[in-house]
Structure formats: C-alpha cells, structure tokens
Number of protein chains: 2
Amino acid sequence: MTEDRIRNMEEFAAVSGISRPTISKYFHDPTSVRASTRARIEAALERHEYVPNIYAMNQNRRLTKNIGIVVPYLADPFFTEIARNIERRCIDAGLWPTLFSAHGQQALENDILDNLRSLKPAGVLLAPLGRGSDRAEVEKFCRDVPTILFDSNIEGLGEAFVGSDNFSFVSQSVTYLARTGSPPVFFEMSTPANPNAKKRRTAYIEVMESLGLVPEIVSIKGDGWGFEEIGYQGAVQFLDQRSLSTDTVLCSNDRLAIGFLSACYDKGLRVGNGAGCALRVAAHDDHPFSRFTCPALTTVAHDYNAVSNKVVEMLFDLMESDGHFAQRTEYLFPAHLVLRDSA
Amino acid sequence: MTEDRIRNMEEFAAVSGISRPTISKYFHDPTSVRASTRARIEAALERHEYVPNIYAMNQNRRLTKNIGIVVPYLADPFFTEIARNIERRCIDAGLWPTLFSAHGQQALENDILDNLRSLKPAGVLLAPLGRGSDRAEVEKFCRDVPTILFDSNIEGLGEAFVGSDNFSFVSQSVTYLARTGSPPVFFEMSTPANPNAKKRRTAYIEVMESLGLVPEIVSIKGDGWGFEEIGYQGAVQFLDQRSLSTDTVLCSNDRLAIGFLSACYDKGLRVGNGAGCALRVAAHDDHPFSRFTCPALTTVAHDYNAVSNKVVEMLFDLMESDGHFAQRTEYLFPAHLVLRDSA
DNA sequence: GCTTTTTCTTTACGCGCGTAAACTTTTTTG
DNA sequence: CAAAAAAGTTTACGCGCGTAAAGAAAAAGC
C-alpha cells in the first residue's frame, strides 16, 4: 500500500486513471460500470486506501442508503433478537441500518422520529410503542418518510404492517390447554402498552366460547415495561386472594409468565403437568429466556424468521416502489406451540 | 405556522431577519449568540419549521456531534441497560449517540469500527468483545478515533478504561459464602469470551487462599454468547458426574447461574439456605432477570450508575482535550452484594 | 469494416453549510 | 459620553460529492 493518503474522490480518480464521475457511479453501484473498469478501480482501491465521505455522498443524493430500525424497548430480548435479524439482512444488502430504542417512552420515540427525519432514510422499520405512541406524530412521520410498521399495528399508518397473528397464538395455547386439562384463565395487564395484548384477550374470549367454555380473565394493574415484576406482583395477589376456579393459567406473554412462575416458586406452588403439581402455566412469545424458567415454560412462538424476512422484503419492495405502495397491506404470520414442562 | 417551507439556512436567515453566519453559530451552540438574537431566532423557529441538514453540517465541521456506542452483545440485557443509560446522558448533552452491537462476532465488530470511522464521531465508547476482538483492528481504530473503553479492558488501548472492579465482586461473594456456610467452588467457562471472567477466576483463587481455603474451579466447555445454555449443560454434567465436595457454587456470572439454577430445578435439587436445600448458588453482575430466577439469585451488583456516569464524564473530558489524554487511566468501581434466596 | 450502442471523459454547476476576513453596529465600561 | 469590547453583517470561498450535457472512445452487431 503506497503511503500517499487519498483525500477525496478527485485524487482517487487521478491515481486510478478513471474519471471522477465514473468513480462516483462505481460507488453508487459497482455493477453499473463495465467489468474491466470495475477491475481497474478495485485494483486501485487495494493500492490506495480510500473511502468516500458519507456526508458529502448523502447530501445531494435524493435517496440515501440509510435504514432506520426503531423498537419500543431494547431491554426486551425479544426485540433485540428481531432487530439483530433485520440488521444483518440490511447490511448484507449493502444498506446502512441504524437501531434505535424508545426505551418505553413516548417522548423518546418522538425524538427518534425527529432525528430519523434528518437522516433522510430510504426506509424506516418501526415497531411503535403502541398505546404509548403519539399517533399524530407517527402519522406525520409516515407521511414524510417511507415507513413499514412491524410487531405493533397502528391502524392505517405506514405503508404496510408485518407481524404475528395473535389469534393463532391464542387458539393454539387455549385448545392445547383445554384438551389436556382444565381450561385456562387468562392472565394479563389491565392497561397493556401493546395492542397485541388486546387482540390476545379478544382471541381468548372467542376461542373459549367456540369451545363452549366460559372465559375468565384476570387483569392486573401495572404500568411500564417491567413486565416480570408486574407479573410477579399480580401472581402474588392472584394466588393469595383467590380460590382457584381452575388450575391452569395462560399468561398474555412470556415476560408476565416469568414473574408469575417466580411467584409460584416463592409460594411453594409446584407448576407443571405431573402429579403433585398445583398449577399449569403457559404463555405466548417464546421469549429467549423462557427455556430457562423453572419449570421451563410452555409457550407459543413467533415465527421470528418469517417476520424479519418479510419486513426486510417489504422494505426492499418499498424502496423500489419509490417509497409508496398503492395499497397498505397487513401480513400476519402464524405461531407455533412449544411444549415444555410448565403445562 | 406559516406554510412556506424553508429549504435551507439562507431562506431561514431571510425570514428570521438574522444573517446566515449568525444562524450557523446558533445551531452550533445556542449560547454563543446574544440572548436577544437567540430569542429572535427561536421565535422564527416556531413560525417556520426548519432543521439544518446534518450532512451538510457535518461535512466541513472538524468535529461532529456524533457519538458511537459499541457493545459486544445487545441481547444481553446487561448491555442494553448500560447502553440505555449512556445514550440518555449523551442526548441530554446535545450529542447524537448511535448504538451498535457486534452480536458476539469479530467480523461484525470490525465492520462497525469501519463504519464508525466514516461517521467522524467526536468520540466512541467501546465495550469490546474481549478475547474475540481483533486487537490489531481495534488498535488502529483507537489511533484514528478518540475512544474510551468500558466493561472489557484491553490493555493499553483507548484513551481510558472504565469498568467494575472484578476483585471487589469476588471478594464480597466469597467472603459472604464462606462466612455463612461451606466455601464455594467456582463455576465458569473454560474459554470465556470476556476478560473479566479471567480476572474473576484469579480473584477467586486469591481470596480463597487469603482465607486459608483451597480454591476449586469447575471449568465447563462452551463457545459463544449463549451463557444460559452453557450454564445449563455444564450444570447437568457437573451435578451428574461429581460427588460434591461442597454444597456451594459461585458462578462467574449471572447468566451462567440462570442456566445452572434451571438445571438444578429439572433435577429436583432444591437451592437456597434453608433446611432441605441441597445447594447454595450465587453469582456476579446482578443481571436484570436475576431477581426472577427460582430461587431469586444472590449476586454481586455492578454500580451501573457510577460506571455509566464515569464513562460519559470521560467522554466529555476527552472531547475537551481534543480527543487525547496525556495519560491513559483506568477507573474501577466497586460492586455491592445483593442478598436474595439462592445463597 | 462500418454502423449502432454502450460506456467513459470533460466540463460545469449545484447542494447546504462551515468559516475566514473586513467592516459595521450594538453593548459594555469607566 | 467617548472609547473599547462584543456581537452581528457582508462578502466570498471551499468542502466532497452528485449529476447533467456533450462529445470521444470502446464494444457490440451485422
């Protein structure tokens, strides 16, 4: 590697023997120049280390290669996992993804959308806070920036929505539980941050009734994103105050169940299927830690791969459609039951 | 809000009645202009929505307001938590933090450092993979970009290091365990990714010997960042093959302990202090989920706040010192014992 | 070999803002 | 209130690159 440091595209054009506009084309899309030219550029690239200045590149380009990924709460391994998948696919496609977390706060979500605007992203993948989102702000953002919603749907916003089918979750857990023992009560937060929770409640009622069973819901108080703690406290109350009408509990999501199981353990209640077990507990999401609860949690799993694949596929379509689809579409993926020891 | 959309600083200068260079100064630092001028600018800002183009801003500026935060594995809630703290403080200081995760992979860590270079960050806060890092690459990066290391120290790299004092962790856990029951065996991965693990092992030996006890270490195989699974498998082997010489296990970190406890549960071994308990288990880190293990995990906690405060403080110092300290300093914060039910 | 098509070169301008210099206005100071 | 200091205005140039237009060169087609 020669020692003369290349300062800009002009200089690099000089040492490579190719004109600057052609170099510019190359960096925009290497396949857009003739193979022989490409070879010469890449040869020069190995001799003289040079990287174009992103700021100068993005300044005039109508479309950058930036992709914004926004999740509501990164401390939840569920989102970390899905974000990781999406990030990787974007990188592989030559894009520049940036991950943001609203940390459960509306103000932060709004700030992120503001910042994102000035990043001039080619597309944004947004998993909104849900109930906690500032609908007007999100709506304004979606008008200005090509956005695909995932995980939490906000009716009518964004160019498309990709997520899991909440009915599929609940129908599988409920039918399994009802088939193998007493029908479940539904354990949830009374004011869930996430719209999926409401859909799961509705689905629970529907499925129970279709089985000729009487739905029974336990709604616990609690705000914020500390679901495990909320589940724990709720379980303590629930187990203390209540003569159980059934021995089967279906939690709205795994994180509530983690707290619930912890409370059961502390109270000396054995959870599981076998003899000597006082309770069965199941939930939804297949949280990365659910395999390590005591006992291991029976749950219904997202199709992580299908969802993240589809999100990215939609993103690419969107970029090719100039940032706008003729029609807003919703894609819902079915879930699958994961049997472990807790139910 | 008037409807004429402002396209650039020139136009905004016109409608606000202030010259463009002054407007430019204002956006660089609002306090650098006279209060009366600031008021006029901010009044105009409310009438005409205008945000300067970051790309054009950063193009010529010697120093951007970008801050890079790099962690080895974002799916570990420990890093999510500390990243959240740091992000918030940067935002409050008017900086522009961007979070990256190497997802446990060296190639990705290198990619991130490459990208970060072209972001021209004013500073980078780097928690390296550790053993998995490409030392040469990180070293080159640190020469070009003002970097502060945290969590994992790599000797000599970066302008400073901020982390927790591993000796403090281990001395507290070991002395507590030895005082209240049998001395602990040390349960760890044989080839830990993180340098902290090695320091904890050394500290364990040292503390045990200083108490006149014989150190005993169980090293389990396993690669990658799925510590819970590794801990689970390790525990299964350990519990099967081994006649326990002691009933007390000290895990190198909480995530291993989560797996360990899960295995104990599956094997019907009761963990805790009371009568009827077969084992005591403790660990280090105070992972956000440790409160919900069965039983709740006794552990030694990082001083999250002190660490993230110090990291950011160092970052600000670094920016004021033109990106370079005369001397590399290491700051180690003591940990504190968190007593729960597992030991 | 000649024409057509593709690719590259030359030339030129603009993006939105940073910033330096010289000058003017406003504020502070004694 | 005059002088000094501080803050603002005008003017001008540059950053590194995108990109359009016109012409030259190379590749492809027949």
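Hydrogens, waters and symmetry mates play no part in the numbers below; they use all other heavy atoms, side chains included. We name chains A, B, ... by the order of the sequence lines, and we start the count at 1 in each one.
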**Q** Starting the side chain at C-beta, find the nucleotide from D/dT9, D/dG16, C/dG18 nearest to B/Met57.
**A** C/dG18
**Q** Can you tell me how far P of C/dC17 sits from NZ of B/Lys25, to the nearest Å?
**A** 18 Å
**Q** Side-chain N or O of B/Tyr50 versus OP1/OP2 of C/dG16: is the shortest distance under 4.0 Å?
**A** no
**Q** Give a yes or no on this: more than 12 heavy atoms of other residues, nucleotides or ligands lie within 6.0 Å of atom CZ of A/Arg328.
**A** yes
**Q** Round to a whole Å and report the spacing from CZ of A/Arg7 to C1' of D/dC17.
**A** 16 Å
**Q** Among the candidates C/dC8, D/dA20, C/dT19, find the nucleotide nearest to the side-chain atoms of A/Pro21.
**A** D/dA20
**Q** Using only side-chain N and O atoms of A/Thr37, determine if any of them is under 4.0 Å from OP1 or OP2 of C/dC8.
**A** yes
**Q** Please report the distance, rounded to the nearest Å, between CG in A/Asn58 and P in D/dT19.
**A** 11 Å
**Q** Looking at side-chain heavy atoms only, is the closest gap between A/Ile86 and A/Ile67 below 4.5 Å?
**A** no
**Q** What about A/Arg20, does its side chain sit under 3.5 Å from the base of D/dG18 through a donor-acceptor pair?
**A** yes
**Q** Can you tell me which nucleotide in C/dC8, D/dG16, D/dT19 comes closest to the side chain of A/Ser24?
**A** D/dT19
**Q** Could you give the distance from CZ (A/Phe12) to CD1 (A/Ile18), rounded to the nearest 0.5 Å?
**A** 8.5 Å
**Q** Does this structure show an ion pair linking B/Asp29 with B/Lys25, if we count only N-O contacts that are shorter than 4.0 Å?
**A** no
**Q** Between B/Phe161 and B/Glu155, is there a side-chain heavy-atom distance shorter than 4.5 Å?
**A** no
**Q** For the pair made of CZ in B/Phe27 and P in C/dG16, what is the distance, rounded to whole Å?
**A** 15 Å
**Q** Of all the nucleotides listed (D/dG16, D/dG18, C/dC8), which has the minimum atom distance to the side chain of A/Ala56?
**A** D/dG16
**Q** Please report the distance, rounded to the nearest Å, between NE2 in B/His28 and P in C/dA20.
**A** 11 Å
**Q** Report the nucleotide, chosen from C/dC15, C/dG18, D/dA26, that has the shortest atom-to-atom distance to any side-chain atom of A/Gln59.
**A** C/dC15
**Q** Both A/Ser36 and A/Asn8 contact DNA chain D. Taking the nearest nucleotide for each, which residue is further toward the 5' end?
**A** A/Asn8
**Q** In whole angstrom, what separates A/Arg40's CZ from C/dT7's P?
**A** 16 Å
**Q** Separation of A/Ile41 atom CD1 from C/dC8 atom C1', in whole Å?
**A** 11 Å
**Q** To the side chain of B/Ser19, which of D/dT10, C/dC17, D/dA26 is closest?
**A** D/dT10
**Q** Using whole Å, report how far CZ of B/Arg34 lies from P of D/dA6.
**A** 12 Å
